Amino acid sequence: MAIIIDDNRLAFLAANKDERAFEEIINRYGGLIKAIVRYHLKDISMWQDDCINDILFAIWQNIDRFDPEKNTLKNWIGAVSKYRSINYKRKFYRELTTGELREDISDGKDIDTELIKQEIEDETKSLLSGLNEQDREIFIKRYFLEQPVESIAADADKKTSWVYGRLSRGRNRLRRIIGTERSN
């Protein structure tokens, strides 16, 4: 008979590199991880397994950063999964736009890269439409063109603290927008 361990104890044991505790985390939350990856990478199925493996490795490496005072283990794992999936989607988009998409990633299916590219662009435009024009421009420069904050501030003739403030308020606005969309 298996002993049921609460999530906080499980995280503690996994942080001490107890492999059985990590296996239990996979048993409990593997379905959640897969669901999040499939949702975010639904059109990039050939990267889903790599992303899941990357998420599991990230959890193993960073479980000591889990703070039960701030979040539940389930939510923490969900956040790690979500952001890793989004990073994979960004990486795929970058490779599409720079023409570096490797031929060896194909899983035997023809990929309509233009369709995927368009879907990502539409999703991004829809999400960013909730921001004012100035904030949209800052977000695009920072998160898609990966410009340093100092460069964005210099272009706008503002201080870097102003850019950080705009980014922070924009992220909060996007969180509210996403929360509203999910509840609908």
Side-chain angles (χ1 to χ4, degrees), residues 33 36-67 69-71 75-106 111-182:
I33 294 168
I36 291 170
V37 169
R38 285 184 180 144
Y39 174 79
H40 287 285
L41 301 179
K42 60 184 167 271
D43 297 321
I44 315 170
S45 60
M46 65 278 192
W47 281 16
Q48 289 178 6
D49 288 340
D50 287 344
C51 184
I52 290 169
N53 290 334
D54 189 33
I55 290 166
L56 293 174
F57 184 70
I59 292 169
W60 175 255
Q61 291 293 103
N62 298 298
I63 191 75
D64 57 330
R65 293 184 183 174
F66 166 68
D67 184 356
E69 298 292 320
K70 293 182 180 178
N71 219 334
N75 288 344
W76 184 80
I77 288 172
V80 170
S81 301
K82 176 183 174 185
Y83 291 112
R84 290 284 169 154
S85 298
I86 290 170
N87 284 340
Y88 265 72
K89 196 170 197 176
R90 259 193 222 131
K91 179 181 174 185
F92 183 77
Y93 178 72
R94 247 183 286 178
E95 288 185 7
L96 278 177
T97 58
T98 60
E100 296 175 7
L101 189 61
R102 301 181 320 256
E103 293 179 25
D104 63 326
I105 63 173
S106 176
I111 302 171
D112 189 354
T113 55
E114 285 303 313
L115 183 64
I116 294 170
K117 181 179 174 184
Q118 188 62 47
E119 181 183 333
I120 293 170
E121 286 177 8
D122 292 346
E123 191 176 314
T124 303
K125 285 179 186 175
S126 172
L127 185 60
L128 293 181
S129 69
L131 300 176
N132 66 41
E133 186 176 339
Q134 184 178 43
D135 288 345
R136 255 193 317 270
E137 184 178 322
I138 291 170
F139 261 73
I140 290 169
K141 285 180 177 180
R142 179 69 184 134
Y143 296 116
F144 295 99
L145 302 177
E146 298 180 357
Q147 291 182 4
V149 171
E150 294 77 16
S151 171
I152 298 168
D155 289 347
D157 198 28
K158 302 284 184 181
K159 293 182 179 182
T160 57
S161 59
W162 178 83
V163 175
Y164 283 118
R166 301 304 306 179
L167 290 169
S168 177
R169 284 188 289 282
R171 284 191 304 269
N172 289 336
R173 172 98 172 107
L174 292 176
R175 281 187 198 107
R176 285 193 302 275
I177 292 168
I178 291 170
T180 303
E181 286 178 1
R182 285 189 180 160

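A quick note: this is a predicted structure, and the numbers were derived from the prediction, not measured.
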Within 6.0 angstrom of R90 CZ, more than 12 heavy atoms from elsewhere: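 Counting neighbours around CZ of R90, more than 12 heavy atoms of other residues, nucleotides or ligands fall under 6.0 Å, so yes.
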More than 12 heavy atoms from other groups under 6.0 Å of CD on E133: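 Open: at most 12 neighbouring heavy atoms sit under 6.0 Å from CD of E133.
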Donor-acceptor pair, side chain of R173 and main chain of L131, under 3.5 angstrom: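 Checking the backbone N and O of L131 against the side chain of R173, no donor-acceptor pair under 3.5 Å is found.
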Qualifying ring-ring contact (aromatic ring centres under 6.0 Å, His included) pairs with a residue from residues 146-177, counting only residues at least two apart or across chains: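 Every candidate ring-ring contact (aromatic ring centres under 6.0 Å, His included) pair involving residues 146-177 fails, so no pair, neighbours aside, qualifies.
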Using side-chain heavy atoms (C-beta onward) and a distance below 4.5 Å, is [X] in contact with [Y]?
X	Y	answer
Y88	D50	yes
I36	I55	no
R166	I152	no
W76	D67	no
W47	K89	no

What's the spacing between [X] [atom1] and [Y] [atom2] if we round to 0.5 Å?
X	Y	atom1	atom2	answer
R38	S85	CZ	OG	11.5 Å
K141	S151	NZ	OG	7.0 Å
I59	D54	CD1	CG	10.0 Å
N71	F66	CG	CZ	7.0 Å
I140	Q147	CD1	CD	10.5 Å

Criterion side chain to side chain contact (heavy atoms under 4.5 Å, CB included) on N62 and V80, from CA distance to verdict: CA-CA 10 Å; N62 298 298; V80 170; over 6 Å; no
Distance-minimising heavy-atom pair for R171 and F139: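 R171 and F139 have their closest heavy atoms at N-CZ, 3.4 Å.
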Heavy-atom pair with the smallest gap, counting every atom of R142 and L167: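 Shortest heavy-atom contact: CG-CD1, 4.0 Å.
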Side chain to side chain contact (heavy atoms under 4.5 Å, CB included) between R84 and F57, intermediate numbers included: CA-CA 11 Å; R84 290 284 169 154; F57 184 70; over 6 Å; no
K42 charged N/C atom sitting above Y39 aromatic ring, 6.0 Å / 45°: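 K42 over Y39 ring: yes.
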Contacts of type side-chain hydrogen bond (donor to acceptor under 3.5 Å, both in side chains), residue D157, not counting sequence neighbours: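 Per chain and number, D157 pairs via side-chain hydrogen bond (donor to acceptor under 3.5 Å, both in side chains) with no residue.
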